[in-house]
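Comments concern the structure below.
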Amino acid sequence: MVNWLGHYIPGRSPIHKLDPRAKIVGLVLYSVALLTAPTATATVVLGASIVPAIFLSGLAPSFIWRQLRPILLFLMAIFAFQAAVTPGEVIARVGPIGVTREGINYGFLGGARVSYLLLAAALLTATTDPLTLADGLEKLLRPGEKLGLPAAELALMLTMALRFVPTLLDEAERIMRAQLARGASFQGGKIKSLMPLIIPLFVSAFQRAEALAEAMEARGYQGSKGRTRMRELHFTRGDGLFLLTNVLLAFGSLYYRLKFGR
């Protein structure tokens, strides 16, 4: 099984022990910092701040490669598109297409942002138990209940959707191998050639969703109404330090952009 976004890897590292609310808010702040970084250098510096978190989490170095490998073609496409369509100083030509210095810079910037954001999201899901993540989301969304927002149901829905990403990827791989063994071909790039994969995958997804709904009904699930928790969430000094670091990164990036207008 490939470790992908949504897989939880048990551990007792300082990152595992952080409050899920701190990690969720930290991810949002980290995203703001990356998306507002005005230059490629600033993006690399901000992105490098996730390295200590990965080290403290105790995850294997191969974890990073397994997260980035599936999107390498996507990153290359981002880089090539930006290099070709961004106006500026042409430094090379590939047929009628001119590659600009500014395009290379923006292509690197876009690819780096996507890579770092993916690693941050993967780090969150890899170090946070799905149930704990749902509790954290529910706590953060609870103020919206005054406006009619179903916090518990929305948190559960988001967590279940994230939880089933690796399950569906594994199911798709299993179906593809089974269909290839039966002589199916997925070449050609046409939707018709993918039907032997798409139809069984949809059937399996609906079956899993129905089984999950029946299991929840059998256990009397009614949202947050009358629910108690075995473990209550509590902020610690480590959570405060983690949030402060991300706040400084986000505000520093915003200040630089506003100050220098870049």
Side-chain angles (χ1 to χ4, degrees), residues 2-7 9 13-16 18 22-92 94 97-128 238-239 241-262:
V2 178
N3 287 328
W4 178 242
L5 191 64
H7 273 295
I9 303 174
S13 71
I15 304 299
H16 282 82
L18 288 175
K23 286 190 273 190
I24 294 170
V25 175
L27 175 61
V28 173
L29 293 171
Y30 183 72
S31 302
V32 171
L34 282 175
L35 295 176
T36 56
T39 65
T41 302
T43 301
V44 171
V45 172
L46 288 169
S49 63
I50 198 176
V51 175
I54 294 176
F55 176 77
L56 290 174
S57 68
L59 299 173
S62 57
F63 170 82
I64 298 177
W65 170 244
R66 286 198 294 265
Q67 307 312 304
L68 296 179
R69 183 174 57 185
I71 65 164
L72 285 179
L73 289 178
F74 178 66
L75 295 178
M76 293 172 61
I78 291 177
F79 182 84
F81 179 78
Q82 290 286 358
V85 305
T86 303
E89 178 187 354
V90 178
I91 60 175
V94 181
I97 300 175
V99 178
T100 64
R101 188 181 305 276
E102 291 79 3
I104 292 177
N105 182 64
Y106 283 123
F108 177 80
L109 191 65
R113 283 172 172 168
V114 172
S115 300
Y116 288 133
L117 288 174
L118 175 65
L119 284 177
L123 183 63
L124 169 67
T125 56
T127 60
T128 312
D239 298 313
L241 180 61
F242 179 79
L243 283 176
L244 178 61
T245 301
N246 284 280
V247 167
L248 292 176
L249 291 175
F251 276 90
S253 182
L254 285 170
Y255 174 79
Y256 188 91
R257 176 175 285 272
L258 295 175
K259 178 72 173 179
F260 297 97
R262 300 184 65 177

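One-based numbering along the sequence shown. These numbers come from a predicted model, not from an experiment.
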Inset, instruction - Of all the heavy-atom pairs spanning T36 and V32, show the shortest one and how long it is. - result: OG1-O, 2.6 Å
Legend entry - Nearest non-hydrogen partners of G111 and L75, listed with the distance: O-CD2, 3.6 Å
Inset, instruction - Determine yes or no for a side-chain-to-main-chain donor-acceptor pair under 3.5 angstrom, with T128 supplying the side chain and L124 the backbone. - result: yes
Legend entry - Interatomic distance, L18 atom CG to I24 atom CD1 [nearest 0.5 angstrom]: 12.0 Å
Inset, instruction - Check for a donor-acceptor pair, side chain of R113 on one end and backbone N or O of F108 on the other, with a separation under 3.5 Å. - result: no
Inset, instruction - Taking K23 for its side chain and L123 for its backbone only, find out whether a donor-acceptor pair lies under 3.5 Å. - result: no
Inset, instruction - Looking only at non-hydrogen atoms, find the nearest pair between S57 and I15 and report the distance. - result: N-CG1, 3.8 Å
Legend entry - Other residues, nucleotides, ligands: >12 heavy atoms within 6.0 Å of F79 CZ: yes
Legend entry - Rounded distance [0.5 Å steps], CZ in F242 versus CG in L29: 9.0 Å
Please list every donor-acceptor pair under 3.5 Å in which a side-chain atom of residues 43-55 meets a protein atom from a residue at least two apart or in another chain.
{"from": "T43", "atom 1": "OG1", "to": "T39", "atom 2": "O", "distance (Å)": "2.9"}
{"from": "S49", "atom 1": "OG", "to": "L46", "atom 2": "O", "distance (Å)": "2.4"}

Legend entry - N/O donor-acceptor pair under 3.5 Å between H16 side chain and G58 backbone: no
Inset, instruction - Report yes if the side chains of S31 and L27 come closer than 4.5 Å at any heavy-atom pair, otherwise no. - result: yes
Inset, instruction - Go through Y106 and L109 one step at a time and tell me if the side chain to side chain contact (heavy atoms under 4.5 Å, CB included) criterion holds. - result: CA-CA 5 Å; Y106 283 123; L109 191 65; 4.3 Å; yes
Inset, instruction - Applying side chain to side chain contact (heavy atoms under 4.5 Å, CB included), run through L35 and L117 and close with a yes or a no. - result: CA-CA 9 Å; L35 295 176; L117 288 174; 4.0 Å; yes
Legend entry - From CG (L119) to OH (Y116), nearest 0.5 Å: 8.5 Å
Inset, instruction - Determine yes or no for a side-chain-to-main-chain donor-acceptor pair under 3.5 angstrom, with T125 supplying the side chain and A122 the backbone. - result: yes
